[in-house]
2 protein chains.
Amino acid sequence: MKISRSEDLRLDCQHCPVRHRAICAASDDEEFDKLNAMKFYKSIPAGQAVVLRGEKLDVVASIVSGVATLSKTTVDGRMQITGMLLPSDFIGRPGRDSCEHDISAVTDLTLCCFRRRPFEDLIERASSIRKRLLDITFDELDAARNWMLLLGCLTAREKIVSFLMLVVRRSVLPEDADQPVQIDLPLSREAMASYLGLTIETVSRQMSRLRKDGLIELETARRVIIPDTSRLEAELENAD
Amino acid sequence: MKISRSEDLRLDCQHCPVRHRAICAASDDEEFDKLNAMKFYKSIPAGQAVVLRGEKLDVVASIVSGVATLSKTTVDGRMQITGMLLPSDFIGRPGRDSCEHDISAVTDLTLCCFRRRPFEDLIERASSIRKRLLDITFDELDAARNWMLLLGCLTAREKIVSFLMLVVRRSVLPEDADQPVQIDLPLSREAMASYLGLTIETVSRQMSRLRKDGLIELETARRVIIPDTSRLEAELENAD
DNA sequence: GCGCTGCCTTGATCCATGTCAAGACGAACC
DNA sequence: GGTTCGTCTTGACATGGATCAAGGCAGCGC
């Protein structure tokens, strides 16, 4: 990471928006205080790289706010986004000092960082943090495998619908999901294409088709209204 | 798991073929003895399911011998193999009693099993096993993300070459890799197709094309000779 | 206003891969 | 030997999504 410590951010963990979902979620008071003492914030502007593949990385971090992408690139420049990182998601790998993929900030990003070595020492002693990390990692593995099903088996339309439902799940409270729902897409058409294993044109066309079919409304290209989420989800009933 | 304990298997951990790669690889003598005392073997015949999605699973296990696949299936029956499990690979998830995907035995399988609860207790105390588990899980996550690049970006030919090279890496010693290499494909054409996000016909055609191009020889459908691995790998130089 | 620039949409066409269909091959068995 | 069965290969054709190309539209600086 090339960015310097952010001085203008003085969030208190108690009021942290990701307090109950991030790596610290299950900590007791003592462990929580230790994390609190170790943490420091970093801000990364939209568009900038957080880490590049193979680059040295001696921090781990949770996303406090903003959106980032994980991606891999072929030698000749084809790119696959392998993950969309939203608030509470975890970055970095204890026990390894370099990174296997590119991470870049899609929007302005606030990270809650820990230097890797002290963090490794802490998880040796703090069992709830350690368990939480293992659990988060297994969850990511399950998510990655589900995405493999999407990439390998689903049609373009199904991919788009899956993506929209993913955003709904991450940004709308379950109890609000039976009314018309408005979402802001965290990714550009280009990034969506790369995440879904499609081209930008196909993404655009399928969005238009869903609009013509009355399943979504496009307030702007990025702002989507879903009149009936269950009807949209029903598009997947032949799939996952 | 519906299978009963296998009585005819009395392997000693000291001579276990996966001793230095599996979950026990980094254990000191004391931890090793505890694992040794807890373990029991199971045999599963080729073609049988090890676990089905959603099924209760209160063991974790390492593969001692044989090949298994991890897979997910859409409601209407499209299947994606999300992982190929080879000797030393780990099955199960500490902290959760059910499984998110189907696991099935491709060949006859020998598993080294641990009941989940005692295993969970053990990793709380045995730091080397715990670290190894975290490391294995992160490795699987990296592998899954690499596979996403394959599924999303590569051409059929590149997918096949990647798969062949994967098998070479897992079954041939690096120092033998500059001579002609013979490999036995662990998967049928159908399973390869499902793993690579292709159809069986496309797999077959691309294998034939690689043969016509002199990059591989097919002794039988399953037995492949690669006269020059570097030439085969060069097929990927535009890709990963 | 004007002309950028970046992002998105739409249309026309192409092609890699899927689909459908027919055999080929080998193993197991009688 | 012949038959059957499962797996693999090959061919002919269809099509979903890629590619190529043009244009729309909003934001921004001048």
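Everything numeric in this text was worked out from a predicted model, so none of it was measured. Letters A, B, ... mirror the listed sequences (proteins, then strands); counts begin at 1.
- Among the nucleotides D:dT9, C:dT19, C:dT9, the one closest to the side chain of A:Arg189 is C:dT9.
- A side-chain donor-acceptor contact under 3.5 Å links A:Arg189 to the backbone of A:Ala221.
- B:Thr202 has no side-chain polar atom (N or O) that falls below the 4.0 Å cut-off from OP1 or OP2 of C:dA16.
- Using a 4.0 Å heavy-atom criterion, one finds that A:Arg157 contacts no nucleic acid atom at all.
- Nucleic acid contact class of A:Thr155 (heavy atoms, under 4.0 Å, all strands): sugar-phosphate only.
- Within 4.0 Å of B:Arg222, counting heavy atoms only, lie sugar-phosphate atoms of the nucleic acid but no base atom.
- Side-chain nitrogen and oxygen atoms of B:Ser208 include at least one within less than 4.0 Å of the OP1 or OP2 phosphate oxygen of D:dT10.
- Between C:dG26 and B:Arg223, no contact under 4.0 Å exists linking OP1 or OP2 to a side-chain N or O.
- Of all nucleotides listed (C:dT9, D:dT9, D:dG17), C:dT9 comes nearest to the side chain of A:Ser204.
- When distances run from any side-chain atom of A:Glu201 to the nucleotides D:dA21, C:dA21, D:dA12, the shortest one goes to D:dA21.
- One finds a salt bridge joining B:Asp139 and A:Arg96 here, because a Lys/Arg side-chain nitrogen approaches an Asp/Glu carboxylate oxygen to under 4.0 Å.
- When the local axes at the two ends of the helix from C:dG1-D:dC30 to C:dC30-D:dG1 are compared, using 5 base pairs at each end, they differ in direction by 30° after rounding to 10°.
- Nearest to the side chain of A:Arg205, among D:dT10, C:dG18, D:dT19, sits D:dT19.
- For A:Ser188, the side-chain atoms get nearest to C:dC8 when compared with the rest of C:dC8, D:dA12, D:dC8.
- Residue A:Arg209 is out of contact with every strand shown, counting any heavy-atom pair closer than 4.0 Å.
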